[in-house]
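Notes follow the structure.
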Amino acid sequence: MRKRWRTEDRRDETADSGDAGSRSGGPMSVRQAVGAAAGMAALAVGILVSDGIPGHLSVRRHVDAAYSRSPADDIAGDAVAYTSSLMPTRVAGDITHRWLPGRGVADADGVYLRYDDDSVVILRRQNGSLILVEKTTTAYPRYLDHVAGHWDR
């Protein structure tokens with residue numbers, strides 16, 4: 001049997017009510033709906049900015065946000081250093097899950113990831129990893145023994 005819906009006007013006719021003449025019975029008022037829509041839009045923008053969309057956030061900024069900065073390990077203004085307690089392959093997995101590199105190679109010393117303009121080199125340390133982010137133009141000659149034949153110049 002089909003259910004029939006009420007079609008009568010559901011207005012509260014009490015004059016002393018602050019909501020006199022407003023629609024009742026709905027899940028939320030228009031003001032609440034507008035507020036909820038604005039909140040959802042702000043949340044969506046926040047997610048897009050924080051999670052990153054290629055072209056809007058770089059691998060460099062992701063590493064900066066996700067790992068501890070280690071200025072003492074910077075290399076002569078070319079490479080910015082970070083540290084992690086995770087092994088290089090785990091750090092590389094985290095980075096490549098979000099930012100797929102153009103090329104990558106791993107050896108006993110670490111993991112070498114090449115992106116359009118930047119490179120991320122993750123070297124093994126006794127207590128985790130040293131992460132170096134630098135321009136590909138300076139990283140290629142520095143790590144030539146590790147990346148030759150794997151990275152394009």
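From a predicted model like this one, the values you see are computed outputs, not experimental measurements. Because only heavy atoms are used, hydrogens play no part in the values below, and waters and symmetry mates are left out as well, while side chains stay in.
Atom CZ of Arg90 sits in a sparse spot, with 12 or fewer heavy atoms from other residues, nucleotides or ligands closer than 6.0 Å.
Nearest heavy atom pair, residue Val91 against residue Ile131, reads CG1-CD1, 3.7 Å.
In terms of modelled atom types and a separation under 3.5 Å, the side chain of Asp64 and the main chain of Tyr67 share no donor-acceptor contact. In this structure a side-chain-to-backbone donor-acceptor pair under 3.5 Å is present from Arg69 to Ala81. With Ser119 contributing its side chain and Glu134 its backbone, the two residues share a donor-acceptor pair below 3.5 Å. At least one donor-acceptor pair closer than 3.5 Å links the side chain of Ser84 to the backbone N or O of Leu86. Put simply, the side chain of Tyr140 never gets that close to the backbone of Lys135: no donor and acceptor are under 3.5 Å apart.
Between the CZ atom of Arg142 and the CG atom of Asp78 there is a distance of 5.0 Å, given to the nearest 0.5 Å.
Leu100 and Ile122 sit in two unconnected hydrophobic clusters of ILVMFWY residues. Membership requires side-chain heavy atoms under 4.5 Å apart, directly or through other members.
Considering only heavy atoms from C-beta on, Asp117 stays 4.5 Å or farther from Arg60 through its side chain. The shortest side-chain heavy-atom distance between Val120 and Trp99 does not fall under the 4.5 Å cut-off.
Side chains of Tyr143 and Asp109: a donor-acceptor N/O pair is absent below 3.5 angstrom, by distance only.
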